[in-house]
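First comes the structure, then the notes that go with it.
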Amino acid sequence: MKQHLSHTPGPIGVFDSGYGGLTILDKIREVLPEYDYIYLGDNARAPYGTRSFEVVYEFTRQAVNKLFDMGCHLVILACNTASAKALRSIQMNDLPQIDPARRVLGVIRPTVECIGEISKNQHIGVLATAGTIKSESYPLEIHKLFPEIQVSGTACPMWVSLVENNESQDEGADYFIRKYIDQLLSKDPQIDTVILGCTHFPILLPKIRQYIPDHISIIAQGEYVAESLKDYLKRHPEMDAKCTKNGNCQFYTTEAEEKFSESASTFLKQQISVKHITLE
């Protein structure tokens, strides 16, 4: 079904299942401060990491449609689970129907592209949600670009909850952080680079660094996604022209506004105002 979408320029949409995408938005705004953004968090239905492909696809499609309705021509899925489970279907099946000129981009490919320069010995580890690990998106994308790299992954089912419940600095968090890191490194002791394959995980970085040996590089996605977006807009002036540039940012959540504002300030280190929105 075709939507009646406006062709006037609009903000860049940034979507995540919860708060994690704020770590991506933060870096994007650092690199591209002049653009306008709409951040949409589907907090009422988070986390996505344990949900089926079909459900993640459906929820992500609803969010993308909503951001298109709100005037976005370009949407970033700042969520690894959505990028892993929904991006390709939306790009191939939905965009041609909705509006072939609009674009939806994910966070996995920009993260993978930088690996060749960072890993010295071609042994990579991925820490992510169960959904992202199960989808094998990281090994698939890595092997497209770097067939010789060995990839090991471990699901970290507790980490998102630690972040969403503001318990990332608590002592209790250490047990779960050490546990999954140890599991990953026991799969391949030669790992020299670890990708944090979930946008929530950078909030846990201080503790993650305690349990990952110093010689191992840790890749948090924000800066790579931000640089990739900057490059994309440079290469696609026709899309750049459809993005408004007043330096504004609006926030929307499917859950309670107060809860979102409170948690968002942990991620962004600033107070924000947020509006409630419904997805269907």
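A cation-pi geometry, defined here as NZ or CZ lying under 6.0 Å from the six-membered ring centre and within 45° of its normal, holds between Arg102 and Phe68.
Under the 3.5 Å distance criterion, the side-chain polar atoms of Thr60 are matched with a main-chain donor or acceptor of Val56. Judged by distance alone, the side chain of Ser135 and the main-chain N or O of Ala84 form no donor-acceptor pair under 3.5 Å. Looking at Asp192, its side chain does come within 3.5 Å of a backbone N or O of Asn121 through a donor-acceptor pair. Looking at Ser119, its side chain never comes within 3.5 Å of a backbone N or O of Thr193 through a donor-acceptor pair. Without hydrogens or angle criteria, Asp16 side chain to Gly21 main chain gives a donor-acceptor distance under 3.5 Å. Looking at Asp99, its side chain does come within 3.5 Å of a backbone N or O of Ala101 through a donor-acceptor pair. Side-chain atoms of Lys85 never come within 3.5 Å of backbone atoms of Glu54 as a donor-acceptor pair (strictly under, hydrogens ignored). Without hydrogens or angle criteria, Thr199 side chain to Cys79 main chain gives no donor-acceptor distance under 3.5 Å. One N or O on the side chain of Lys66 and one on the backbone of Thr278 form a donor-acceptor pair closer than 3.5 Å. Not one N or O on the side chain of Asn248 forms a donor-acceptor pair closer than 3.5 Å with the backbone of Asp36.
Legend: ring-ring contact (aromatic ring centres under 6.0 Å, His included) pairs involving residues 120-149, not counting sequence neighbours: none detected. Sorted by first then second residue, the salt bridge (Lys or Arg N to Asp or Glu O under 4.0 Å) pairs that include residues 125-139, not counting sequence neighbours, number zero. Applying the salt bridge (Lys or Arg N to Asp or Glu O under 4.0 Å) definition to pairs two or more places apart or across chains, those involving residues 221-234 are Asp231-Arg235.
Neither Val31 nor Val75 shares a network with the other; the hydrophobic side chains, linked directly or stepwise wherever heavy atoms of I, L, V, M, F, W or Y lie under 4.5 Å apart, form separate groups for each. Transitive grouping of hydrophobic side chains (ILVMFWY, heavy atoms separated by less than 4.5 Å) keeps Met70 and Ile76 in distinct clusters. Residues Val14 and Val64 fall into different hydrophobic clusters, defined by Ile, Leu, Val, Met, Phe, Trp and Tyr side chains chained together at heavy-atom separations under 4.5 Å. Hydrophobic clustering, with ILVMFWY side chains joined whenever heavy atoms are under 4.5 angstrom apart, keeps Leu77 apart from Ile195. Cluster annotation: Val55 is connected to Ile90 through the hydrophobic network of ILVMFWY side chains, with a link wherever side-chain heavy atoms come within less than 4.5 Å.
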Open item on the list: Would Thr244 and Thr8 count as a side chain to side chain contact (heavy atoms under 4.5 Å, CB included) here? Give the steps.
Closed with: CA-CA 9 Å; Thr244 51; Thr8 52; over 6 Å; no
Open item on the list: Is there a side chain to side chain contact (heavy atoms under 4.5 Å, CB included) between Trp159 and Thr129? Walk through the geometry before answering.
Closed with: CA-CA 8 Å; Trp159 287 14; Thr129 63; over 6 Å; no
Open item on the list: Apply side chain to side chain contact (heavy atoms under 4.5 Å, CB included) to residues Leu233 and Leu32 and explain how you reach the verdict.
Closed with: CA-CA 10 Å; Leu233 291 168; Leu32 299 164; 4.1 Å; yes
- [ ] Take Arg51 and Phe59, measure what side chain to side chain contact (heavy atoms under 4.5 Å, CB included) needs, and give me the verdict at the end.
- [x] CA-CA 10 Å; Arg51 293 184 181 272; Phe59 287 179; 3.8 Å; yes
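Tyr48 and Asp42 form a side-chain donor-acceptor contact under 3.5 Å, judged by distance and modelled atom types alone. Donor-acceptor pairing under 3.5 Å is lacking for the side chains of Gln183 and Thr154.
The minimum heavy-atom distance between Val274 and Ser261, with the atom names listed, is CG1-OG, 3.2 Å. Shortest non-hydrogen contact noted between Val104 and Leu87 is O-CD1, 3.5 Å. For the pair Ile272 and Ala264, the tightest heavy-atom approach, listed with the atom from each and the gap, is CD1-CB, 3.6 Å. The minimum heavy-atom distance linking Thr50 with Pro47 is given by the pair OG1-O, 4.3 Å. Nearest heavy-atom pair across Phe15 and Ala82 is CE2-CB, 4.5 Å. Closest approach of Asn43 and Thr254 over heavy atoms only: N-OG1, 3.1 Å.
Here the rule is side-chain contact (heavy atoms from CB on, under 4.5 Å) with Phe251, and of Leu268, Ile38, Leu40 only Leu268 fits it.
Side-chain contact between Val194 and Val126: absent, with no pair of heavy atoms (C-beta onward) separated by less than 4.5 Å. No side-chain heavy atom of Val163 sits less than 4.5 Å from a side-chain heavy atom of Ser263. Side-chain atoms of Gln150 and Gln122, non-hydrogen and from C-beta on, never get closer than 4.5 Å to each other. Side-chain contact check for Asn246 versus Tyr35: every heavy-atom pair is 4.5 Å or farther apart. Side-chain contact between Pro213 and Leu185: present, with at least one pair of heavy atoms (C-beta onward) separated by less than 4.5 Å. Ile191 places none of its side-chain heavy atoms less than 4.5 Å from the side chain of Ile124. Using a 4.5 Å heavy-atom threshold, the side chains of Arg103 and His73 count as separate. A heavy-atom distance below 4.5 Å is not found between the side chains of His200 and Thr23.
Note that CG of Leu127 and CD1 of Ile218 are 9.0 Å apart. Values are rounded to the nearest 0.5 Å. Rounded to the nearest 0.5 Å, atoms CD (Gln250) and NZ (Lys275) are 5.0 Å apart. Taking CE from Met158 and CG from Leu204, the interatomic distance works out to 11.5 Å, rounded to the nearest 0.5 Å. Residue Arg29 holds its CZ atom at 12.0 Å from CD of Glu34, rounded to the nearest 0.5 Å. Interatomic distance, Leu74 CG to Leu105 CG, rounded to the nearest 0.5 Å: 5.0 Å. Atoms CZ and CD1, on Phe267 and Ile203 in that order, are 4.5 Å from each other to the nearest 0.5 Å.
Ring planes of Phe260 and Tyr39: tilted class, angle from 30 to 60°.
Salt bridge Arg109/Glu113: present, at least one basic N to carboxylate O contact under 4.0 Å. At a threshold of 4.0 Å, the pair Glu141-Arg88 counts as salt-bridged, since one of the basic side-chain nitrogens sits closer than that to a carboxylate oxygen.
The environment of CD in Glu117 is sparse: at most 12 heavy-atom neighbours from other residues, nucleotides or ligands sit within 6.0 Å. Around the NE2 atom of His7, the shell of radius 6.0 Å holds no more than 12 heavy atoms that belong to other residues, nucleotides or ligands. More than 12 non-hydrogen atoms from other residues, nucleotides or ligands lie less than 6.0 angstrom from NZ of Lys242.
The side-chain contact (heavy atoms from CB on, under 4.5 Å) search around Ser89 returns Tyr57, Asn93, not counting sequence neighbours. A search for side-chain contact (heavy atoms from CB on, under 4.5 Å) contacts involving Glu262 returns Asn166, not counting sequence neighbours.
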Donor-acceptor pairs under 3.5 angstrom involving side-chain atoms of residues 168-181: please list them, not counting sequence neighbours.
unit_1, atom_1, unit_2, atom_2, d
Asp174, OD1, Lys207, NZ, 2.8
Asp174, OD2, Tyr211, OH, 2.6

